[in-house]
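Here's the structure, in C-alpha cells; my notes come after.
Letters A, B, ... mirror the listed sequences (proteins, then strands); counts begin at 1.
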Amino acid sequence: MSGVDPVVHVLAGLDRPATPTAQFQQVLLDRLLAELRPAAESRPRINRPWRVRLVPGAQWRLHGRRRIFVLAVAVLIVVVGAVSALAVRALVDTGIVGLAPLGATPSSPTRGELVLNSSLGHTMVDADAGRLDISVYADGRVIWRQIGGLGFRETGWLERRLTPEGVALVRAEVLATGLVDHDLNLTTEGHIFGGYIDFRTADRRVVVTSGENPVLLADVGPHVHRTKPTAEQARAFKRLRARLSDLAAWLPASAWVDAEDKPFVPSGYTVCYGGAVGVGLSRLFEFLPPPAASLLRAQEKTPQPYWNRPGTVAHWCSDLTNDEARTLERILDEAGVSGVKSVYGLEYGVFDVALAAPTEFRVGFVANLPDDERR
Amino acid sequence: MELTVREVEALGLDPEKFRTFYEDALPCIYGYFLHRCGGSVPVAEDLTQETFLASVGELRKGRRPDAPIPWIYGIARHKLLDHYRKQARAEQPLADAELPLDESAFAVQDDGGRERAIAALAAVPASQRTALVLCYLDGFTAAEVGDELGKSTAAVHSLLERGRESFKRAYLEVEP
C-alpha cells in the first residue's frame, strides 16, 4: 500500500472539544458536587437499613404518666418493628438500603406475571427528571423506583398493590396512548424520555423504545426501523410517563388494595462479581475471602458467557437467597472489604472493575424482581 | 491525543478544585463522546454524565489521580467501549456488502465534511467502529487494541480493514 488510507485522515480530524448546553453543564455540576459533598463531610459508610420518618400530622396532646406510657409503648413498637422489619406502618422514603433485613417478609408471591415494565429517563433536554423504573404485575403489585432527577426523591424499590380493577385501568391507560399497537423504535426528538415500555397482554407483547441509550435498549429493543416520533406520539409518551410516575393522582381509591408505598422485599439477590482486566473466574475466586468464594461458586448461574475486558462490566453472577446474601455480606465485612450500602443494593470492592488493580475486585448485590426475565 | 486543558495537581474532594477540573474536562469528554456517537447529543450527555459520576465515585472511594485529565479520559474510553459493546449486542448480524465500492468517490474532506464523517462513523457496525476509534482517534496500536478487546492483532487488522470499507460506504451514502 503506497499511502495511508484517507479514512485515517478523516477520522483523525474528528477529535475536538465541544461545549454542551449551559443547562446540562450546570445540572451535571450540581449533581456531581452533591455527590462529592457527603464524602467530604465524612458521612458514615454504612447507612441504616431502613430510613423512616414518622407519620406526618401526628400530634402529641397527652400529658403526664399517660404520655410517658404511650411514649414507652411507641419506642417499644419502633424497636420491635426495626428488629423484625415490620415497621411498615411508617412511611418509607427510600425503600431498603442495602440488603433486606433479617426477618423481613419477602414480597409474595415470589414470581409475578408482568403486565407492564417500563424504564423512562434520563433526558436533560427539558430538565433532569431522572429515571422512573416501574413494573406492574397481573397479581396487582406495582414495584417502582425513582433514580436521580432534580427535585425528585431517589428511592430503592417500593411496592404498592392494585386491585384487579386497578390493573385493568393501568392497562387501559397504556392502550389509550396508541403507542402499543405494535413495536416502535423512536428517536428522542420531540423531547420524549429515553427508555422503554414493555407491555404484555395474554396473547402479545409490544415493546416501545425511545432514545439511543444502549444500556436500556440492548436487552429489550425491538429490531424495527427507528423513526422520529410524531407530535401525537411525543405527547402520548410524555403523558404516560407523567401518569406512571404518579398513579395515585388519577387512579380511584377502588383501584388500590394498598396505595401506600412499602419497601419491596426481594426473595433473593443476584450477586455479580468481576476483577481486573484479564482476570478469569478461577483467579478471581482466589482474591475473594475463601468462604465468599465457596458460597458464590456453589450458586454460580452466569446467564451467558462473559469475558473480562475493559469497558465492560466484566462479571459472573450467582443467585443467592436473602439469608445467603446476608451471610456473604457478613463474610465480606469481616474480611474488611470496603462496602457501600445504598438504595441500589450493596457493593463491595472497586467502583469500576475496568479501573481495578490486578488483585482488586467488585461484588455487587442486586435485588431480584418477581419476573423471571430480569434474572 | 493533544490536551488543551490544564491539569490540576491532585484532584481531591475540594469542591472548588473539582469545579476547576470539571470546567477543564467537560468540553473534552463531551466532545469525545459527541464525535464518536454520531453527533447524538442525548447519547453524549448520558455518557458524559456516567463518566463524571464514575469519576466522583472513584474520588469518594479515596482514589487521588495524579493526572486527572488522562484519568477521566480512561474512564470515558471504558464507557464508550461499553456503549459500543451494547450496541453490538443489539445489532442484527449483517452480511458483508457485496456491492462494489467506488474508491475514487471517497476523498479527504475539508471541514465541511465533518458532520458527514461523524454520521458515517455512527453507521459503521459497532465492532468495526470500536477498532476504528481506538486506532485512528485514540491512537492505540492494533496490538494494544487486541489486548483491550481480547482479540488477536490479526483480528484487529481485519476489523480495521472492514471498518474502513464500511466507513467509506456509509460516508458516500450520507447526504453531503
Side-chain angles (χ1 to χ4, degrees), chain A residues 5-21 24-25 27-29 31-33 35-41 43 122-125 128 148 187-188 194 211-219 221 223 277-278 307-313 338 340 350-355, chain B residues 1 4 13-15 18-19 22 26-28 30-32 34-35 37 40-46 48-49 52-54 56-61 74-75 77-83 85-87 89-90 92 106-109 113-114 117-118 121 132-133 136-137 148-150 164 167-168 171:
Chain A
D5 192 304
V7 170
V8 179
H9 287 297
V10 173
L11 290 176
L14 286 183
D15 231 357
R16 63 177 64 168
T19 306
T21 63
F24 173 82
Q25 292 181 44
V27 166
L28 180 55
L29 178 60
R31 179 160 184 201
L32 294 170
L33 291 176
E35 293 279 334
L36 273 177
R37 200 166 299 125
E41 292 167 359
R43 190 179 63 170
H122 277 273
T123 176
M124 290 192 176
V125 177
D128 180 12
T187 70
T188 50
E212 295 164 82
N213 189 332
V215 175
L216 298 174
L217 303 189
D219 292 335
H223 295 289
V277 176
W307 71 100
N308 200 347
R309 65 181 194 184
T312 67
V313 181
S338 168
V340 175
V350 293
F351 182 80
D352 187 343
V353 289
L355 304 171
Chain B
M1 188 180 303
T4 57
L13 295 178
D14 178 346
F18 184 84
R19 191 188 298 270
Y22 176 80
L26 181 65
C28 303
Y30 180 74
Y32 179 88
L34 189 66
H35 303 137
C37 299
S40 168
V41 168
V43 173
E45 287 184 346
D46 273 356
T48 299
Q49 177 177 249
F52 276 96
L53 284 170
V56 166
E58 286 292 305
L59 292 173
R60 288 184 57 178
K61 281 182 164 279
I75 298 174
R77 187 162 53 251
H78 294 136
K79 296 292 179 194
L80 183 75
L81 290 178
D82 209 18
H83 174 92
R85 180 183 68 87
K86 283 159 182 162
Q87 280 191 325
R89 282 175 57 197
Q92 300 280 28
F106 186 86
V108 178
Q109 301 291 314
R114 185 177 167 73
I118 290 171
L121 180 62
L132 292 179
V133 165
Y136 301 146
L137 275 89
E148 291 243 335
L149 302 183
R164 287 195 300 267
F167 180 85
K168 287 175 187 172
Y171 189 90

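Rounding to the nearest 0.5 Å gives a distance of 11.0 Å between CZ of B:R19 and CG of A:L32. With values rounded to the nearest 0.5 angstrom, B:L34 atom CG is found 11.5 Å from A:R16 atom CZ. To the nearest 0.5 Å, the span separating CG on A:L28 from CG on B:L26 amounts to 6.5 Å.
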Check step by step if side chain to side chain contact (heavy atoms under 4.5 Å, CB included) holds for B:V56 and A:R31. CA-CA 10 Å; B:V56 166; A:R31 179 160 184 201; over 6 Å; no
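When side chains are defined from C-beta on, B:E45 counts as touching A:T21, because their heavy atoms get closer than 4.5 Å.
B:Y22 and A:F24 get closest at one heavy-atom pair: OH-O, 4.1 Å. The two residues A:P17 and B:C28 have their closest heavy-atom pair at CB-N, 4.3 Å. What you find for A:V7 and B:R164 is that their closest heavy atoms are CG2-O, 3.9 Å.
Considering only residues two or more places apart in sequence or on other chains, B:Y30 meets the side chain to side chain donor-acceptor pair (under 3.5 Å) condition with none of them.
At a 4.5 Å heavy-atom cutoff, the contact between B:F52 and chain A is made by backbone and side-chain atoms alike.
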